[in-house]
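These notes are about the structure you will find just below.
From a predicted model like this one, the values you see are computed outputs, not experimental measurements.
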Amino acid sequence: MTATEPVDLTVADLHPALGDPALTSMNFLNEVSERYPAAVSLAAGRPYEEFFDLAAVHRHLDTFHKHLTDDLGHSPEQARRLLLQYGRTKGIVHQLIARNLAVDEGITVDPEAVVVTVGCQEAMFLVLRALRAGPEDVLLAVAPTYVGLTGAARLVDLPVWPVAGGPSGVDVADLSVQVRRARAAGLRPRACYVMPDFANPSGVSISAEDRRRLLTLAAEEDLLLLEDNPYGLFHSADGPRPPTLKALDTGRRVVYLGSFAKTVLPGARVGYVVADQRVAGPDGRVGPLADQLAMIKSMVTVNTSPIAQAVIGGRLLENGCSLVAANIRERSAYTRNLRHLVTGLRRRFPGRAAVRWTVPAGGFFVVVTVPFPVDDALLDRSARDYGVLWTPMAHFYDDTAPVCALRLSVSAVTPQQIDVGLDRLTALITDEVARRAG
């Protein structure tokens, strides 16, 4: 439809968030990819598709069905109903998720504190909707911030206050300052969103020491921490991973957001939230925050697809509920690609201080800093004239200031594609520097 055709509504007649850049970012990036399908994409943070196996999906479903009948004692009719009928709002694989968290993360959690969601995006939305009680409420978030979090906050009218990130992943002192600034302005900071392991988009991880400092500050300031952990299993460094915030949480300060998109199958659209904070109801009864989130979910998606949950449950059962064990080849591939990308940048930009990049200890993303602003127009020209896609880092900041950086993703490409993409990116950067100098 063009602007000259009759219209019944304008964007101004709808929720203000629908005109916000946070909600348009994902659509724009997808559209650029669709317009230039021949371009090498170092933009998408999608899992490596060569490991997808349709036959395995059927096997996982059968495994979970057998679990229902053989392990849990359901009759064939009960098992069929559980998989094919409307289901329990909190989900049907909550017990397996609790086991997975114990096996892989050392997190002990009551399964009743788990709500299985339609992807992690719904988990974010449910938590933010519950926390936004009035116009004085605000959310803190480490900048740069995952755009899906910012967009969800917009939809529930919850302002987002940035907290400095930097090379350590979070500036705990700045978090303290922002909490006090918000309160001095008459606002109520409800929580701080963090991605401690290989964050999207920065790729930075928070040190074990700063994780403990975060928990101490959260207790002192009566603040929740929303811990998002989609990339934590994909560490490339030797030695053990730092414990998650939730594994260190002894005071129920952490709401833990989980996803199976990267570790099992994105098409299943299954995530979860662990919300074990105790909530007193109007009748005096006390239950986990998960119960309140389930009430919201019942009015949003009713329940998460039982068939999709069964696929996830089967994968967990086949690997002793360990996604570490289930993702050995994936971790190897992402580690290989991450090292290949960093080595490729070093080879193409030796001694050029104007072009810098992060060297993450795992995950999918590397941020490249360049000596000129990076925006959507440059991305469009990069795709059209140079045949390479990436993500402008400006999409992850909640202001309009120019950002001289871009994000590269290594998750959905081969080393050969990385080489081609880096050659094309090098040409773009070289030409852009020359154009601006001349």
Practice item. Test side chain to side chain contact (heavy atoms under 4.5 Å, CB included) on Arg348 and Asp419 and set out the steps. Key: CA-CA 10 Å; Arg348 289 166 177 83; Asp419 283 334; 3.7 Å; yes
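- Counting only distance, with no hydrogens or angles, the side chain of Ser25 and the backbone of Pro21 share a donor-acceptor pair below 3.5 Å.
- Side-chain N/O atoms of Thr63 and Glu318 include a donor and acceptor closer than 3.5 Å.
- Ring-plane geometry between Phe51 and Tyr48 is classed as perpendicular, the angle between the planes exceeding 60 degrees on a 0 to 90 degree scale with a lower cut at 30.
- Ion pairing between Asp249 and Lys246 holds under the 4.0 Å rule for side-chain N and carboxylate O.
- Classification of Arg253 and Asp222 as a salt-bridged pair holds, one side-chain N sitting under 4.0 Å from a carboxylate O.
- Between Asp197 and Arg211 a salt bridge is recorded (basic side-chain N to carboxylate O distance below 4.0 Å).
- The ring-ring contact (aromatic ring centres under 6.0 Å, His included) search around Tyr146 returns none, not counting sequence neighbours.
- Distance alone, capped at 3.5 Å, places no donor-acceptor pair between the Ser41 side chain and the Leu389 backbone.
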Practice item. Could you go through the side-chain hydrogen bond (donor to acceptor under 3.5 Å, both in side chains) check for Asp228 and Tyr193 one step at a time? Key: CA-CA 8 Å; Asp228 190 5; Tyr193 172 83; 2.6 Å; yes
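- Judged by distance alone, the side chain of Asp210 and the main-chain N or O of Arg213 form no donor-acceptor pair under 3.5 Å.
- Among the candidates Phe396, Tyr231, Phe198, Tyr334, the single residue satisfying the ring-ring contact (aromatic ring centres under 6.0 Å, His included) test with Phe365 is Tyr231.
- Side-chain contact check for Val93 versus Phe260: every heavy-atom pair is 4.5 Å or farther apart.
- For the 3.5 Å distance criterion, the side chains of Tyr256 and Asn229 qualify, holding a donor opposite an acceptor.
- At least one side-chain heavy atom of Leu226 sits under 4.5 Å from a side-chain heavy atom of Leu128.
- The shortest side-chain heavy-atom distance between Ser322 and Val324 falls under the 4.5 Å cut-off.
- At least one donor-acceptor pair closer than 3.5 Å links the side chain of Lys90 to the backbone N or O of Glu112.
- In this structure, Met195 CE and Ser205 OG are separated by 11.0 Å, a value rounded to the nearest 0.5 Å.
- For the residue pair Glu31 / Asn27, no side-chain donor-acceptor distance below 3.5 Å is found, with atom types taken as modelled.
- When all heavy atoms of Pro201 and Met393 are compared, the closest pair comes out as CG-CE, 3.7 Å.
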